[in-house]
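Just so you know, these numbers use all the heavy atoms, side chains as well, and skip hydrogens, waters and symmetry mates. So that the names make sense, note that chain A is the first sequence line, chain B the second, and so on, each numbered from 1.
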Number of protein chains: 2
Amino acid sequence: MSTKVATLELASELRVALMRLTRRLRAERVDQGVTLTQISVLGALDRHGAMNLAQLAAQERVQPPSMTRTTAALEEAGLVDRSADPNDRRHTVFQLSAQGRQFLREDRRRREAWLADRLDELTTEERVLLHDVAPLLDRLAQS
Amino acid sequence: MSTKVATLELASELRVALMRLTRRLRAERVDQGVTLTQISVLGALDRHGAMNLAQLAAQERVQPPSMTRTTAALEEAGLVDRSADPNDRRHTVFQLSAQGRQFLREDRRRREAWLADRLDELTTEERVLLHDVAPLLDRLAQS
DNA sequence: TATTGTTATACTCTATAACTATA
DNA sequence: TATAGTTATAGAGTATAACAATA
């Protein structure tokens, strides 16, 4: 089936492009000391409010031990607060600290500087294309 | 400027989506023992023929020491051959071995299985979108 | 001296397995 | 027993700095 072949080729092209761009992005972390993964968690807490570790791990599609590391780093940096859920003390609830909120606010102006600069060089059509494709990529990641 | 704000938001959405999907893809490596990064290098050697280490590193947008690791793993797996360039013995030329070529041939049928399955669930329009965006992502990675 | 590639070292991100605390 | 989270351990992928071999 030629449709299937096209799909396999597309999968290959797409994956290679994704890897290269992700690698490039990781090299461009703007703020030393706060990684892209950590910023992603801060953004999730900002969008969805306080969450426990399992919820954060599910949201970010990582295993709990990976999230333990990320939240530990964020807590040490003073960007999130942790508290035990009074109803079930096995749950650890994380939320943005005032400093974390401030970080996101400041970061919003300068983050993604490299990618934004590249996007500015694109045509309007290309930006529309990327805008349309972002939620699709996210859906693929969560399927 | 609202255009600039939109660009920053787009950069953020796009980056988060890229990270999640890349993470998901890395978790789905089909063939145990050969990683996605290694397959990417095999593909580059297949497309562009023999290359030295610096050329491979530039092609994959990594630093030379990173590529040294990758080629060492591929050589140990018997998937690439190395030889000294007779004209300049500082250059190490890498090429696909017969086994590496065979690996790519077999892999072509089964690789990207997870992503291909997901892509098959998409509409034709969505696949067209991804097909159009793949080279754009690659261009961004190389800019 | 300059260039190519490797080695030494370290950090990020991820995972699985085993453990602790709580329910 | 079952669940939530942490710790221990490991491996892939990346980087910079220092080095060896070759030009």
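At whole-Å resolution of the value, CE in B:Met67 and C1' in C:dT4 are 15 Å apart. Counting to the nearest Å, the P atom of D:dA21 and the CG atom of B:Leu53 are 17 Å from each other. Whole-Å rounding puts the A:Met51 CE to D:dA4 P distance at 16 Å. As rounded to whole Å, 14 Å separates atom C1' of D:dA12 from atom CD1 of B:Ile39.
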Show me the side-chain donor-acceptor pairs of residues 80-87 of chain B shorter than 3.5 Å, one per line, residues at least two apart or across chains.
{"residue": "B:Arg82", "atom": "NE", "partner": "B:Glu75", "partner atom": "OE1", "Å": "3.0"}
{"residue": "B:Arg82", "atom": "NE", "partner": "B:Glu75", "partner atom": "OE2", "Å": "3.2"}
{"residue": "B:Arg82", "atom": "NH2", "partner": "B:Glu75", "partner atom": "OE1", "Å": "3.0"}
{"residue": "B:Asp85", "atom": "OD1", "partner": "B:Asn87", "partner atom": "N", "Å": "2.8"}

Using atom types as modelled, flag every donor-acceptor pair under 3.5 Å from a side chain in residues 50-59 of chain B to any protein atom, sequence neighbours excluded.
{"residue": "B:Asn52", "atom": "OD1", "partner": "B:Ala54", "partner atom": "N", "Å": "3.1"}
{"residue": "B:Asn52", "atom": "OD1", "partner": "B:Gln55", "partner atom": "N", "Å": "2.8"}
{"residue": "B:Gln55", "atom": "OE1", "partner": "B:Asn52", "partner atom": "N", "Å": "2.9"}

N/O donor-acceptor pairs under 3.5 Å from side chains in residues 132-143 of chain A, not counting sequence neighbours:
{"residue": "A:Asp138", "atom": "OD1", "partner": "B:Arg20", "partner atom": "NH1", "Å": "3.4"}
{"residue": "A:Asp138", "atom": "OD2", "partner": "B:Arg20", "partner atom": "NH1", "Å": "3.2"}
{"residue": "A:Arg139", "atom": "NH1", "partner": "B:Glu126", "partner atom": "OE2", "Å": "3.1"}
{"residue": "A:Gln142", "atom": "OE1", "partner": "A:Arg61", "partner atom": "NH2", "Å": "2.9"}
{"residue": "A:Ser143", "atom": "OG", "partner": "A:Leu140", "partner atom": "O", "Å": "2.8"}

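Minimum interatomic distance between A:Glu60 and A:Ser40 (heavy atoms only, all atoms of both residues): OE1-OG, 2.8 Å.
When the side-chain nitrogen and oxygen atoms of B:Arg82 are compared with OP1 and OP2 of C:dT6, one or more of them lie within a distance under 4.0 Å. Here B:Thr68 reaches the OP1 or OP2 of C:dT6: one of its side-chain N or O atoms lies under 4.0 Å away.
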* Going 5' to 3' through nucleotides 13-23 of chain C, assign each nucleotide B (protein heavy atom under 4.0 Å from a base atom), S (under 4.0 Å only from sugar-phosphate atoms) or - (no protein heavy atom that close). => BBBBB----BS
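Here side chain to side chain donor-acceptor pair (under 3.5 Å) pairs that include residues 41-50 of chain A, with residues two or more places apart or in two chains, are A:Asp46-A:Arg108. Residue pairs meeting the side chain to side chain donor-acceptor pair (under 3.5 Å) criterion with at least one member in residues 88-98 of chain A, sequence neighbours excluded: A:Asp88-A:Arg90, A:Asp88-A:His91.
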